[in-house]
Structure formats: structure tokens, C-alpha cells
Amino acid sequence: METNAGLVAGSHKRNELQKPLNNLNGLICQICGDVIGLREEGNAFVACNECAFPVCRPCYEYERRGGNKCCPSARVDTRGTKVHVLPLLLLVFLGFFKLIFHSYAHLCGFKGSPQLEGDDEEDDVDDLESEFDHAKTDCKTTQMWSPQGREEAVDLSSSSRHEPYHCIMRLTSRQQVSGEIPEATPDNHSLRSQSGPLGSSEKRSSTYVDPSLPVPVRIVDPSKFEFIWVGNKYADGKGDMEGTGSNGEELQMADDSRQPLSRIVPIPSNQLNLYRLVIICRLIILCFFFQYRVTHPVNNAYPLWLTSVICEVWFALSWLLDQFPKWSPINRETYLDRLALRYDREGEPSQLVPIDVFVSTVDPLKEPPLITANTVLSILAVDYPVDKVSCYVSDDGSAMLTFEALSETAEFAKKWVPFCKKHNIEPRAPEFYFSQKIDYLKDKIQPSFVKERRTMKREYEEFKVRINALVAKAQKAPEEGWTMQDGTSWPGNNPRDHPGMIQVFLGHSGGLDVDGNELPRLVYVSREKRLGFQHHKKAGAMNALIRVSAVLTNGAYLLNVDCDHYFNNSKALREAMCFMMDPTLGKKTCYVQFPQRFDGIDVHDRYANRNIINLKELLWLEEEGKGINKSYIDKKRALKRTESTLPIFNAEDIEEGVEGYEAERAFLLSQKRLEKRFGQSPIFIASTFMEQGGIPASTNPASLLQEAIHVISCGYEDKTEWGKEIGWIYGSVTEDILTGFKMHARGWISIYCMPPRPAFKGSAPINLSDRLNQVLRWALGSIEILLSRHCPIWYGYKGRLKLLERIAYINTIVYPITSIPLIAYCVLPAICLLTGKFIIPEISNYAGMWFILLFASIFATGILELKWSGIGIEDWWRNEQFWVIGGTSAHLFAVFQGLLKVLAGIDTNFTVTSRHRTTKETLPSSTSSNGRAFWSRPPPSSS
Ligand SMILES: O=c1ccn([C@@H]2O[C@H](COP(=O)(O)OP(=O)(O)O[C@H]3O[C@H](CO)[C@@H](O)[C@H](O)[C@H]3O)[C@@H](O)[C@H]2O)c(=O)[nH]1
Ligand SMILES: [Mn+2]
Ligand SMILES: [Zn+2]
């Protein structure tokens with residue numbers, strides 16, 4: 001509001017200034033700073049007669065081509081709609097008229113002139129301009145178009161996948177961040193820093209450690225609630241808090257190295273209590289309802305009655321399971337400024353720890369290289385010290401297209417990254433940045449910025465042309481397979497049987513950006529694949545990356561994103577570090593996860609992908625700081641590094657120095673044991689002992705590459721604990737849930753982090769079949785876990801899983817089974833109709849009351865949830881619809897497929913994915929492309 005007022009005032013002022021000048025030549029364009037030229041009649045060019053906002057003709061036309069229908073100043077004025085109602089109406093009317101004319105012409109068999117379809121703008125076209133055609137016709141869509149014409153357009157939204165969460169995991173479980181931070185003593189590691197869960201917001205500094213407070217249990221189900229608890233208050237809360245601290249206080253806080261880097265934001269207790277009250281009422285009503293149902297069978301339709309009661313009981317149970325995680329939500333906010341004060345002070349070397357970012361891709365046709373490129377660019381431009389970020393791209397499809405696109409991306413990054421950092425733009429994925437409207441009235445917009453932005457946009461369009469050309473070229477593979485630029489054959493021609501490949505771009509030796517600064521390192525990795533070796537999909541790919549990165553850069557933490565999920569918030573890494581480097585939280589936190597947000601969903605969100613309401617799939621909970629979720633991430637570097645670190649240890653053992661731990665540690669330290677656990681790589685094992693990450697200075701880079709190829713070979717994990725106890729855990733297609741579960745069972749906690757500006761965004765499946773397939777895959781993953789030794793119902797009672805965590809995981813695992821009663825219940829009405837019988841006996845007034853109360857309580861909970869979450873009724877309804885669609889199709893199918901797979905060993909999926917591929921063996925070789933070294937390794941001779 002404040003900004004708006006400012007804007008409006010600003011533009012008035014300008015108008016006033018200009019009025020007297022209006023007829024003068026020499027007026028300055030408010031966008032680019034050039035002089036506004038004259039029109040033929042000798043008056044200054046005026047774009048908008050309403051406000052006479054001074055823009056030059058080139059700027060005005062540029063904006064128009066970019067899809068703006070109104071003048072640059074009015075567009076940012078929120079009242080602009082009012083001003084432009086008339087022209088809009090006219091436009092609509094005109095459009096309508098054209099439509100009628102068109103159909104009429106069509107009916108008469110007469111072809112309307114093509115101009116009729118376009119806008120009435122002039123069509124002088126240079127090669128850059130034609131690309132704006134699309135935007136002209138519909139500036140609202142996020143579609144992307146290419147300069148070459150629409151056929152080649154890449155539709156962003158067509159990327160078929162998306163993933164729930166991105167997590168930062170610890171690499172070492174016990175991160176000694178820096179000498180400054182004293183060890184936590186056992187008595188203050190209670191996390192509950194604040195007042196009680198619902199208490200008023202006391203001053204943080206005084207309440208931070210108060211071991212005497214009871215430890216409240218809080219759980220959050222972001223599926224329905226993330227907006228409730230976070231949306232409204234989060235953003236403002238921070239401002240308020242900061243406002244209260246005087247300078248002196250802040251300084252003092254900065255001094256105190258135990259100041260937490262985040263806090264829990266209290267939720268108003270009346271809100272929460274009201275909700276809880278309704279839930280309890282609903283529960284009580286439910287009990288009476290069942291009492292009535294059970295004691296009043298329908299005598300002439302006993303089977304119908306019995307079926308319906310069984311279904312109802314199941315629904316009630318699943319509702320109850322669903323309810324637990326929502327009982328005590330937690331909301332957190334971070335103090336980025338404290339993080340910077342403590343570890344990243346101006347003028348001193350940064351003490352932030354290094355992070356390796358992993359991007360997974362498989363199929364460049366389903367996951368368009370342009371999307372992956374955008375993700376990579378957003379990582380390279382992230383707001384974190386460049387020498388502390390490395391980006392690893394895993395290509396499970398060993399596609400030369402992916403490789404070449406990455407090589408182009410590295411080149412483009414040299415221009416893109418300095419531009420982002422100089423102007424501090426968001427988001428730092430160019431496609432999404434340029435699709436945003438720019439607000440020329442914001443004070444920070446300088447004419448020089450406008451010009452650089454235009455240049456950059458042009459560069460990006462050219463980059464897109466190059467990527468699209470690569471994609472076009474990759475459509476039909478030549479008989480003899482792909483050949484690299486230097487004429488050698490591409491080693492990955494057979495994606496199911498090829499050597500490991502690694503290529504390092506950028507980084508210290510890979511060239512500087514256009515301003516002469518270093519860039520983060522970018523590494524292409526395609527792990528070795530051989531027939532007869534299980535590759536374990538994404539989990540396998542991530543484990544390979546854990547090892548390569550440990551050998552090459554060895555970040556202390558790792559972050560995993562899918563290739564279609566770009567950094568929407570360039571401070572996301574810092575957000576996560578506020579938890580990982582927190583003096584108290586950091587020691588027990590295994591991973592930080594961010595919710596999944598989407599772009600490019602169709603307006604009506606027909607397939608209910610907006611996670612706003614996403615059902616159980618996204619269940620997670622935080623309890624005494626313990627998080628769960630369907631996220632993926634996992635284990636830190638799998639292993640741990642020094643003494644304390646592995647997540648293979650139980651979290652408390654590490655903290656408390658339990659006896660067994662000491663003993664195990666001694667055992668572990670023996671090299672033999674380490675090799676058994678981590679595989680035969682002395683360099684990898686050594687790297688796990690580097691608490692702060694980084695590689696021993698003495699190592700020779702050439703030998704590191706050799707070793708890196710070794711650790712991604714497909715036999716490397718044989719007889720080790722990879723995928724069993726270490727790294728991403730194998731055995732479920734939802735490896736993220738399984739791995740998170742395993743970590744929680746060891747007593748680690750996880751944090752759910754929801755910065756006001758969403759940290760990551762992805763593209764969601766936009767067609768029903770992709771979406772159903774995804775839902776099917778997730779449900780199948782759950783069933784796999786349900787039927788495995790890791791089933792949360794029985795697993796780990798000797799471990800450290802908290803009861804609520806267990807319930808939340810059970811809920812996440814069991815939901816596909818609900819499809820069976822759901823289908824039964826859907827069929828019941830038909831049977832009732834056919835047989836003329838009903839599932840409920842003649843109803844008395846007394847019974848009728850329970851029915852009415854039950855429905856009322858269902859409405860009440862629904863209304864409260866809707867109200868607090870800010871979810872619209874439409875979204876909610878769509879979600880309910882999709883729940884039935886998915887529940888009666890994909891979930892049911894998953895149950896059977898899972899049973900088949902686990903009980904009979906039939907992997908239906910396998911037959912789908914492994915279709916015809918020629919098994920042409922390509923001889924891997926050491927080659928070079930583009931003058932850079934390219935490493936690969938021959939297949940194991942006979943192992
Ligand atoms: O053999 C494979 C298969 C997949 N992937 C990658 O794994 C990610 C997720 O796969 P996708 O098919 O896109 O699944 P989604 O349902 O979109 O992803 C969500 O759900 C998955 C299952 O829970 C999680 O693995 C993902 O992290 C999560 O984002 C993608 O980046 C893929 O490139 C591989 O690297 N290798
Ligand atoms: Mn995906
Ligand atoms: Zn201008």
C-alpha cells in the first residue's frame with residue numbers, strides 16, 4: 001500500500017513537471033533517459049494521452065511488443081484498470097466484431113485477410129521483433145516462443161514433471177561452523193526457544209533458551225495448511241520484529257554467537273484453538289455417528305450396510321490420521337542479516353560453508369534442455385560466495401543434447417550471472433525473469449539498467465535460438481549414433497550401456513565472466529550404466545553425485561533440485577544456512593526442505609497440482625523440531641565425515657556421546673570398515689572427514705578426475721552400504737520419503753522452510769495423463785515402502801522415531817489403500833438404485849440429528865481451513881475432484897502394481913521404460929570437445 005501511494009505520488013509529480021514542457025523538444029524519456037523525439041507535426045511524442053508519461057517512441061514500441069497494452073506508467077498504477085476501461089471495452093467490442101466477421105467470412109468460404117488476426121500495430125519486422133508476435137496476441141500466458149517461429153516454440157508448461165521439495169542436507173552431521181560457536185550443552189539443546197507454541201511473541205532474545213519450558217509438539221501438514229500458518233503473518237512479522245530492536249540491541253545481539261539464526265513465529269492461539277475445538281467436536285460427533293451406524297443395521301440389505309460401514313470407518317480413520325499433523329503447526333522465520341553478520345562480513349573472507357547443488361535430469365525430450373538451462377543459470381547466479389557453490393548436473397539419459405546444452409549454458413552464464421548480481425534481480429532464471437513485467441516507476445530502475453536489460457534480453461533470445469537449434473538437431477539420431485564436435489563418437493550413445501562421463505565447466509580454470517569474476521563450478525556427470533546393473537533411478541543418480549562431488553569439490557552441504565525447479569529466490573541457500581549453521585538447531589538438523597511451488601499452471605489448475613492443497617503426498621511434520629516429509633533428500637554426504645558425523649549414527653548418540661557410539665566410532669575408523677561401508681575410494685573416504693568440506697590442498701586435480709570416474713562406475717556400490725544405510729535409500733520410487741523416514745528414525749530432525757518469497761518454483765504437469773502418471777508413481781512408491789522392511793508401521797521401534805512422526809509417515813504410506821473403500825462407496829449408490837435398498841435404515845429424529853451434526857462439523861472444518869489458508873473455494877473443489885479421480889484410478893492401480901511387484905516380483909514399470917534400444921556398444925575413449933578435456937572411462941573388463 002505504501003509503495004502504491006509512493007508510486008502514484010511520484011507520477012503525479014512528474015506529470016506536473018512535464019506539463020509546461022509538453023511542447024518542447026528535449027523532454028527526457030523516463031525509461032531509457034534518452035531525449036524524446038518529435039512527431040512529424042513537431043510536438044513531442046506522447047504515448048499516452050491520459051497521463052502524458054514521458055517515454056520515447058522506441059521505448060514505447062518496445063513495451064508494446066512485449067505485450068503491454070497500456071502505457072508504461074498507467075500499468076503500474078493499480079487504478080490503471082479504471083483509466084483504461086473504455087479502450088478495453090472498445091477492444092473487446094472490436095475483437096467481437098472481428099470474430100463475427102471472421103466466422104461469417106469463413107461460412108461464406110472466403111478467406112479473411114491475415115491482418116485481421118493481428119493487432120493493429122505496425123508490422124515492421126526485424127528478426128528480433130517477430131518473436132513478439134505471440135506475446136501480442138496473448139501477453140498473459142507464460143508460453144515461450146522462439147524467434148524462429150511458433151512451430152519451435154518451447155512450451156514451458158509442457159515439461160511433464162515436478163517435484164515436491166528441495167532440500168538442503170547436511171553433508172556432515174555435525175557441522176562445526178566456526179570456532180566462534182560454542183558447543184551446545186546438553187541442557188539447552190531444547191529447541192523450543194520461544195514462548196509456548198501459541199504464546200504471545202515475547203522478545204526473542206530473552207526467551208531463546210529456556211529449558212524449563214515444556215517441549216511442545218508441533219506438526220504441520222503443509223498440504224492444507226501452509227498458507228494458513230505462513231502466508232499471512234510471515235512477511236509482516238519479520239518487519240515488526242526488526243523494528244523493535246534499537247541499534248545498540250542489534251549490535252549486542254550480533255556479538256552473541258549463540259543468537260539463533262531463526263525463530264518460530266507464534267500462531268495466534270485463538271485461531272488455533274478454534275480449529276482444535278471444531279476438530280474435537282467433529283471427533284465426538286463421529287463417535288456417536290458410528291455408534292448409531294453399528295447398532296442399526298439395515299436388515300433387508302445387510303451386505304450393503306456392512307460394506308458402507310466398513311468404508312466409513314476407514315474414511316474416518318484416514319481423516320484422523322490426516323488430522324494429527326495439523327494439530328500444532330510451526331512457522332519459522334530466518335534472520336538472514338544475522339547470518340551475514342556472523343559469517344559473511346563485508347571485507348572479510350566469507351565463512352559460509354561450501355555447498356554442492358545437484359540437478360537431476362533423465363530425458364531431454366520430457367525435460368526440455370531450456371528448462372534445465374534456466375535451472376542451472378539460477379544456481380550459478382545464486383546469492384552465495386561463488387567459490388563456495390558448485391553445480392552438478394546428473395544426466396541419467398547420457399544425452400549429447402544435454403551435454404551440449406550445458407556447454408552453451410556455461411557460456412551464457414558468463415554474461416547472465418554478472419547481470420543478475422549487478423542489478424540484483426529476481427528470479428535469476430532468465431525465462432522467468434523476462435516474462436515478468438518490469439515496473440518502470442520503481443525508484444531503483446535506472447535508465448542504464450533498462451538498456452542493459454534490453455541487451456541481456458536480446459542475448460537471451462539468441463541463447464534460446466541456439467538451444468532450440470540443438471533440440472531440433474537432436475530430434476532424429478543418426479544411424480551410427482551421435483558424434484561430438486571433434487569428430488569422435490559420443491560415449492553415451494546407448495543410454496543403458498555406457499561409460500561414466502564427467503566434464504567440468506567454469507570454476508577456477510574454466511574462464512571468468514564478462515566482468516572478470518570467477519563463476520561457480522559447473523560439472524556434467526553421467527554415471528556409468530551397464531546392462532545387468534540396477535541403477536536405482538534418481539536415488540542411484542544422487543548417490544553417484546554425492547561421491548563425485550565429494551571427490552571434486554566436497555561441499556559441506558548439498559542441495560538437490562530436479563531439473564525443472566529453478567531458484568526463485570536467490571537467497572534460498574542462505575535461508576537454509578540459517579538453520580544448518582544455527583548454533584543449536586544446526587547440530588541435529590539433517591535437512592531443510594522447501595515447499596514446492598509452480599509456475600505455468602493453467603488458470604483453473606485442473607489437475608490440482610498447486611500444492612496448496614496437495615493431499616497426503618506432501619505430508620510432513622515437524623515435531624520437537626523433527627521434520628518429516630516427502631522430500632527428498634537425504635543424507636548427507638552420506639556419510640559422514642569425521643567422528644561425529646554420519647547420519648548413519650543416531651542423532652542423540654552424537655550429541656550425548658553415548659557409549660555405544662564411542663565403540664562404534666573406533667570400529668568405524670578402521671579403514672577396512674570404512675571401505676566396506678563407503679566403497680573403495682580412499683579419496684572419497686578422506687573427504688568424508690573434512691568437516692567444513694573442501695578438498696585437501698595437496699591433491700592433484702588430474703588424479704581427482706580419475707577417482708571421480710571411479711566412484712560413478714556401476715560396480716562401485718556392490719557390497720557397500722550405499723542405498724541401504726547410506727545416501728539416498730533404494731527400494732521405492734518415492735526415494736525421498738523413504739530416505740527422509742530413515743533419517744528421522746535415526747533421530748535427526750528436519751526443518752520446513754518457507755521464506756516469504758518462495759525459494760524454488762517448478763513446472764507442473766499440465767495434462768491429465770502426465771499428472772495421473774505422477775500420482776500413480778507416488779502412490780506406487782508409498783505401497784513399495786508399505787510392503788518393505790522400512791514400513792513405518794513396524795520399522796524402528798528401537799529407534800528414535802517419535803510417535804507423531806510415525807503417524808505422519810503411516811499416513812503418507814497408506815493413503816493409496818483408501819482407493820478400495822472409495823471405489824466401493826462410489827459404487828454403492830448405483831447398487832442402491834438398482835436394488836431399491838439403502839445403506840441406512842429408516843431414520844429417526846434422533847439419528848437424523850447426528851447426521852446433520854456430522855455434516856455441519858465437516859462444513860465447519862472445511863470453512864476454517866479455507867478461510868485461514870487463503871485457498872479459494874474453486875481450488876478446494878478442484879482438489880476434492882482430483883482426489884476422487886486419482887483415488888479411483890491411479891491409487892487403485894498403484895495398490896495392485898505394488899502388490900504384484902513386491903509379492904510376485906513383477907515390475908510392471910520395467911516393461912514400460914525398457915523399450916527397444918539397440919545395444920550398440922560404443923567404445924568409450926578420452927576425447928576432447930571444444931578444447932576442454934572430456935573424461936570417460938572404459939567399461940570394467942569382466943567384473
Ligand atoms: O532414472 C532416473 C529417473 C528420474 N531422475 C530424476 O528424478 C527427478 C524426479 O523425477 P520425476 O519423474 O520428475 O518425478 P516427479 O514426480 O516430478 O518428482 C517428485 O517425486 C519424485 C518421487 O517422489 C522425487 O524423486 C522427486 O524428487 C520429486 O520432485 C527428475 O529430475 C529426474 O530427472 C533421474 O535422475 N534418474
Ligand atoms: Mn519432475
Ligand atoms: Zn526511451
Side-chain angles (χ1 to χ4, degrees), residues 157-167 169 357-369 371-372 375-376 392-399 402 495-496 524-527 529 533-546 559-566 591 593-600 607 609 611 614 616-620 629-634 712 714 728-741 760-766 770-785 812-813 886 890 894 909-910 912-914:
S157 43
S158 71
S159 132
S160 51
R161 319 185 131 186
H162 70 288
E163 35 297 340
Y165 294 111
H166 312 276
C167 303
M169 296 185 291
V357 182
F358 297 173
V359 179
S360 52
T361 67
V362 213
D363 179 352
L365 298 180
K366 287 206 141 182
E367 303 169 321
I371 306 271
T372 310
T375 303
V376 169
Y392 290 85
V393 178
S394 153
D395 177 16
D396 251 0
S398 65
T402 307
R496 298 181 46 222
Y524 170 89
V525 178
S526 182
R527 62 193 162 125
K529 294 255 180 84
F533 284 86
Q534 257 286 15
H535 64 261
H536 300 293
K537 306 215 167 89
K538 180 181 172 189
M542 289 299 106
N543 285 341
L545 282 193
I546 288 177
L559 167 79
N560 167 229
V561 287
D562 288 2
C563 58
D564 50 2
H565 269 191
Y566 64 93
Y591 62 88
Q593 66 182 343
F594 299 87
Q596 187 177 32
R597 293 287 142 80
F598 302 104
D599 275 324
Y607 310 122
N609 309 274
N611 271 0
N614 224 342
K616 350 232 153 172
E617 284 116 21
L618 304 178
L619 209 226
W620 77 286
N629 70 286
K630 145 173 206 148
S631 76
Y632 22 62
I633 298 284
D634 156 351
I712 55 170
C714 54
W728 264 259
I729 304 297
Y730 303 149
S732 166
V733 283
T734 48
E735 73 295 319
D736 45 358
I737 298 188
L738 179 54
T739 309
F741 173 65
F760 299 91
K761 280 197 179 177
S763 14
I766 45 122
D770 275 348
R771 173 69 176 148
L772 280 177
N773 252 313
Q774 183 180 49
V775 170
L776 169 67
R777 191 157 25 81
W778 289 353
L780 180 63
S782 286
I783 298 289
E784 283 174 326
I785 299 174
T812 322
I813 291 316
N909 215 16
F910 187 67
V912 184
T913 44
S914 65

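Values below: every heavy atom of this structure, side chains too, minus hydrogens, waters and symmetry copies. Keep in mind the model is a prediction, meaning the values are calculated, not measured. Order of appearance sets the numbers: ligands from 1, and atoms from 1 within every ligand.
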Value rounded to 0.5 Å, distance of [atom1] in [X] from [atom2] in [Y]:
X      : Y      : atom1 : atom2 : answer
Trp778 : Ile737 : CH2   : CD1   : 9.0 Å
Thr372 : His565 : OG1   : NE2   : 12.0 Å
Glu735 : Tyr730 : CD    : OH    : 10.5 Å

No-hydrogen, no-angle side-chain donor-acceptor test under 3.5 Å, Gln774 and Arg771: yes
Could you pull out all residues at least two apart from His535 that satisfy ring pair (Phe, Tyr, Trp, His ring centres under 6.0 Å)? none
Within-cut-off N or O pair, [X] and ligand 1, under 3.5 Å:
X      : value
Glu367 : yes
Arg527 : no
Asn560 : no

Considering the heavy atoms of [X], write down every atom of ligand 1 situated less than 4.0 Å from one of them.
X      : answer
Asp736 : 23 (O), 24 (C)
Glu735 : 24 (C), 25 (O)
Val733 : 22 (C), 23 (O)
Gln774 : 15 (P), 16 (O), 17 (O)
Cys563 : 31 (O)

Salt-bridge contact Lys538-Asp396 (side-chain N to carboxylate O under 4.0 Å): no
Going by side-chain hydrogen bond (donor to acceptor under 3.5 Å, both in side chains), name the residues that satisfy it together with Ser732, two or more places apart in sequence or in a different chain. Thr734
Residue portion contacting ligand 1 (non-hydrogen atoms closer than 4.0 Å) for [X]:
X      : value
Asp396 : side chain
His565 : neither
Thr734 : both

Going by heavy atoms in the side chains, are Val561 and Phe760 under 4.5 Å from each other? yes
